[in-house]
Amino acid sequence: MLDAKFVVENPEQVRQALARRGPAAAAALEGLEPVAARRRALLRETEDRRARLKTASKSLGSFKDKASPEFARLREQLRADGDGIKALEAKLAEAETELEQQLLRVPNLPHASVPDGADSAANRVERTWGEPRAFDFEPQAHWDLGAKLGILDLERAAKLSGPRFAVLLGAGARLERALIQFMLDVHVRDHGYTELMPPYLVNRASMTGTGQLPKFEEDLFHVAPQDLFLVPTAEVPVTNFHADEVLEGPLPVKYASFTPCFRAEAGSYGKDVRGLIRQHQFHKVELVKFAEPEKSFDELESLTRDAEAILQRLELPYRVVTLCAGDLGFSATKTYDLEVWLPSQRTYREISSCSSFGDFQARRAKIRYRPGKGEKPRLVHTLNGSGLAVGRTWLALLENHQQADGSIRIPEALRPYFGGDRLSA
RNA sequence: GGAGAGAUGGCCGAGUGGUCGAAGGCGCCCGCUUGCUAAGCGGGUGUACGCCCAAAAGGUGUACCGUGGGUUCAAAUCCCACUCUCUCCGCCA
């Protein structure tokens, strides 16, 4: 959420920044300023009248003769004043709700370093690591490799649940588990993150805190009787872990969290219909940081490097792109996507998204820190990134390390976790 | 699922209608004292949103004692609903 005061005081600056995202983003501001002005006027009058009522009420309490007509008259007067104030307060609450509801639907401002552009075609490539491998045979897609190796069963998953679900079996399941363990170990042991296992069902407040609600409810799986939502990413429970808190210790606070992720994938019909790329349920190791505002972009760089380390150790070629303003997610102010090379598609595909949210989520979720002893709390900056999406890592590993005979070479770093140097039928 | 108890400031804890943003203690900060340490003495120490001030400092107003509503001129205090925590019983991975 943007700071209402800042929006009101800098309307043109805010409008221009939002316009970089596209016309719809700027339109979200329509009608906001009058509501803010109305709220301010009502607040002022309400507080003023309540102050006068309080003073009068106190003098009534110290009245000597409580049976006198003056006492009765004054009391009657105060009752009427009180009723008037109550009516004003109702109007004020209405204005505040309206302002809040509208503000919750305004996306974050893109950072100045974010390139212009309407969609992913305008994303800026920052660097590339590794060389796409030159195959002396035709590389197969992961769904063919997985089926032939007997480690991936999409047909039976469809029987169980429907499209966009998968069953891993045998060495395929073991590979998934090895990847999870490997990623967590690297981040916890080598990068200094604290492991966190959160609930996979969260309430509306949590979803609002990170920005999935109120605008994107159709992308979530909802559990009706309890009004809970399956987490689309560990970002939600882990960021909201510190909601309504003032962090007193040193920053940054860093968590690494493995969770399943559940996404309804509304509106993605026809996209990535084959294979594991786009699933309703997948595993992810997520990195989350709470940082000082002045250091948040340095923290974004190091968080991105932490995610890259996984790809490097798994010997998977990738590139880093900065999302352009039009491609940026709702809550993010700047995002680096890590895109892994997929031989079967001869293209780079997203495998991690590392973002800084500035104070946008912190304001929604009320996450603050104390800069020093006795100093006033300030909003933290929140960041997160996939480190990595496990399912996409699994399929990238199959495709990139496949051999002519259809077996898979397990990269050195993963062998202790997988328990072998080769996956074959 | 059944029965009971509770929710007050960073923490502990007092407070059953007005003088309560809230006693007292702990912690923390500043100063004094002090060979060092410890102890002692004095003062200070919540958050949000307004207003005044060029700004900072400061001043000032309103709200907040789990959440929401109600009674009352006046609510931490009385009433109602809800949430959460704890204890016991039952069930259960």
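Quick note on labels: first sequence line is chain A, next is B, and so on, each numbered from 1.
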K.L.:
Rounded to whole angstrom units, what separation is found between the CZ atom of A:Arg370 and the C1' atom of B:rG9?
P.N.:
12 Å
K.L.:
Measuring only the C1' atom in each nucleotide, how far is B:rA7 from B:rC64? A whole number of Å is fine.
P.N.:
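Result for the C1' pair: 16 Å, nearest Å.
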K.L.:
Quick one: A:Glu45 CD to B:rC49 P, roughly how many Å, whole number?
P.N.:
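Distance check: A:Glu45 CD to B:rC49 P gives 22 Å.
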K.L.:
Taking atom C1' of B:rG61 as reference, at what distance in whole Å does atom CG of A:Leu53 sit?
P.N.:
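Rounding to the nearest Å, CG of A:Leu53 and C1' of B:rG61 are 14 Å apart.
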K.L.:
What integer distance in Å separates A:Leu99:CG from B:rG50:P?
P.N.:
10 Å
K.L.:
Before giving the answer on salt bridge (Lys or Arg N to Asp or Glu O under 4.0 Å), spell out for A:Asp83 and A:Lys86 the whole-Å C-alpha distance, their side-chain angles and the decisive distance to 0.1 Å.
P.N.:
CA-CA 5 Å; A:Asp83 288 346; A:Lys86 252 178 206 164; 5.2 Å; no
K.L.:
By nearest atom, which of the nucleotides B:rU47, B:rU62, B:rG18 is closest to the A:Pro377 side chain?
P.N.:
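Between B:rU47, B:rU62, B:rG18, the one nearest the side chain of A:Pro377 would be B:rU47.
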K.L.:
Whom does B:rG31 pair with, Watson-Crick or G-U wobble, provided both distances fall under 3.5 Å?
P.N.:
B:rC41
K.L.:
Can you tell me if A:Lys376 touches the phosphate of B:rA48, counting only side-chain N or O atoms and a distance under 4.0 Å to OP1 or OP2?
P.N.:
yes
K.L.:
At 4.0 Å (heavy atoms only), tell me whether A:Arg52 reaches a base, stays on the sugar-phosphate, or touches nothing.
P.N.:
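The answer is nothing, as A:Arg52 stays clear of every strand by at least 4.0 Å.
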K.L.:
Which nucleotide, in any strand shown, forms a Watson-Crick or G-U wobble pair with B:rA23, with both distances under 3.5 Å?
P.N.:
none
K.L.:
When both hydrogen-bonding distances must be under 3.5 Å and the geometry is Watson-Crick or G-U wobble, what is B:rG66 paired with, if anything?
P.N.:
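The answer is B:rC82, by the H-bond criterion.
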K.L.:
For a quick test of reading the model, state the closest non-hydrogen atom pair linking A:Ala28 to A:Gln102 and the distance between them.
P.N.:
O-NE2, 3.4 Å
K.L.:
If I pick the C1' atom on B:rC73 and the same atom on B:rG58, what distance separates them, to the nearest angstrom?
P.N.:
34 Å
K.L.:
Between B:rU62 atom C1' and A:Glu47 atom CD, what is the distance in whole Å?
P.N.:
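Rounded to the whole Å, the gap is 4 Å.
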K.L.:
Distance between the C1' atoms of B:rC53 and B:rG61, in whole angstroms?
P.N.:
15 Å
K.L.:
By nearest nucleotide on RNA chain B, pick out whichever of A:Gly82 and A:Glu96 is the more 5' one.
P.N.:
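Going by which nucleotide is closer to the 5' end, it is A:Glu96.
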K.L.:
Has A:Arg50 got a side-chain N or O lying under 4.0 Å from the OP1 or OP2 atom of B:rU62?
P.N.:
no
K.L.:
Rounding to the closest angstrom, what is the interatomic distance between B:rG18 and B:rC26 at atom P?
P.N.:
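28 Å, rounded to whole Å.
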K.L.:
Name all pairs fulfilling the salt bridge (Lys or Arg N to Asp or Glu O under 4.0 Å) condition that reach into residues 178-203 of chain A, sequence neighbours left out, sorted by first residue then second.
P.N.:
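Qualifying pairs: A:Asp185-A:Arg189, A:Asp190-A:Arg313.
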K.L.:
Could you check which nucleotide pairs with B:rG50 in any of the strands shown, counting Watson-Crick or G-U wobble with both distances under 3.5 Å?
P.N.:
B:rU60
K.L.:
For the rings on A:Phe297 and A:His111, is their centre-to-centre separation under 6.0 Å?
P.N.:
yes
K.L.:
Across all strands shown, which nucleotide pairs with B:rG9 by Watson-Crick or G-U wobble geometry, both distances under 3.5 Å?
P.N.:
none
K.L.:
If I pick the P atom on B:rC79 and the same atom on B:rG21, what distance separates them, to the nearest angstrom?
P.N.:
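After rounding to an integer number of Å, I get 22 Å for this pair.
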K.L.:
Using a heavy-atom cut-off of 4.0 Å across all strands, would you classify A:Arg368 as base, sugar-phosphate, or nothing?
P.N.:
sugar-phosphate
K.L.:
When the P atoms of B:rA54 and B:rC49 are compared, how many Å lie between them, rounded to an integer?
P.N.:
22 Å
K.L.:
Please determine which of A:Phe258, A:Trp394, A:Tyr417 meets the ring-ring contact (aromatic ring centres under 6.0 Å, His included) test together with A:Phe182.
P.N.:
A:Tyr417
K.L.:
Pairing check on B:rG1: which nucleotide meets the Watson-Crick or G-U wobble criteria with it, both distances under 3.5 Å?
P.N.:
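In the structure as shown, B:rG1 has B:rC89 as its Watson-Crick or wobble partner.
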K.L.:
Between B:rG15 and B:rG68, how far apart are the two C1' atoms, rounded to whole Å?
P.N.:
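Straight-line distance between the two C1' atoms is 24 Å.
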K.L.:
Quick one: look up who B:rA76 pairs with, Watson-Crick or G-U, both distances under 3.5 Å, and put none if it's unpaired.
P.N.:
none
K.L.:
In whole angstrom, what separates A:Glu248's CD from B:rG46's P?
P.N.:
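Roughly 13 Å, once rounded to whole Å.
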K.L.:
Would you kindly give the CG-to-P distance between A:Leu43 and B:rU62, to the nearest whole Å?
P.N.:
12 Å
K.L.:
Measure from NZ on A:Lys58 to P on B:rC73 and round the result to the nearest Å.
P.N.:
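To the nearest whole Å, that distance equals 18 Å.
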K.L.:
So, OP1 or OP2 of B:rG50: does either fall under 4.0 Å of a side-chain N or O from A:Arg39?
P.N.:
yes
K.L.:
Using the P atom in both, what is the distance from B:rU19 to B:rG35, to the nearest Å?
P.N.:
48 Å
K.L.:
Do A:Arg263 and A:Asp219 pass the salt bridge (Lys or Arg N to Asp or Glu O under 4.0 Å) test, and can you show the C-alpha distance, the side-chain angles, and the key distance before you say yes or no?
P.N.:
CA-CA 6 Å; A:Arg263 298 187 181 178; A:Asp219 292 332; over 6 Å; no
K.L.:
For A:Arg75 and for A:Thr46, find the nucleotide of RNA chain B with the closest heavy atom, then tell me which residue's nucleotide is more 5'.
P.N.:
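Upstream on the strand: A:Thr46.
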K.L.:
May I ask you to verify if any side-chain N or O of A:Arg49 is less than 4.0 angstrom from the OP1 or OP2 atom of B:rG50?
P.N.:
no
K.L.:
When you measure from the side-chain N and O atoms of A:Lys5 to the phosphate of B:rG50, is any distance below 4.0 Å, counting only OP1 and OP2?
P.N.:
yes
K.L.:
Decide yes or no on salt bridge (Lys or Arg N to Asp or Glu O under 4.0 Å) for A:Arg79 and A:Glu76, but give the supporting numbers first.
P.N.:
CA-CA 5 Å; A:Arg79 187 208 305 278; A:Glu76 195 43 52; 3.2 Å; yes
K.L.:
Tell me whether the NZ or CZ atom of A:Arg174 lies within the 45° cone about the ring axis of A:Phe418 and under 6.0 Å from its centre.
P.N.:
yes
K.L.:
Given that both distances must come in under 3.5 Å, which nucleotide forms a Watson-Crick or G-U wobble pair with B:rU71?
P.N.:
none
K.L.:
Are OP1 or OP2 of B:rA63 and a side-chain N or O of A:Lys54 less than 4.0 angstrom apart?
P.N.:
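So the side-chain polar atoms of A:Lys54 do come within 4.0 Å of the phosphate oxygens OP1 or OP2 of B:rA63, strictly under.
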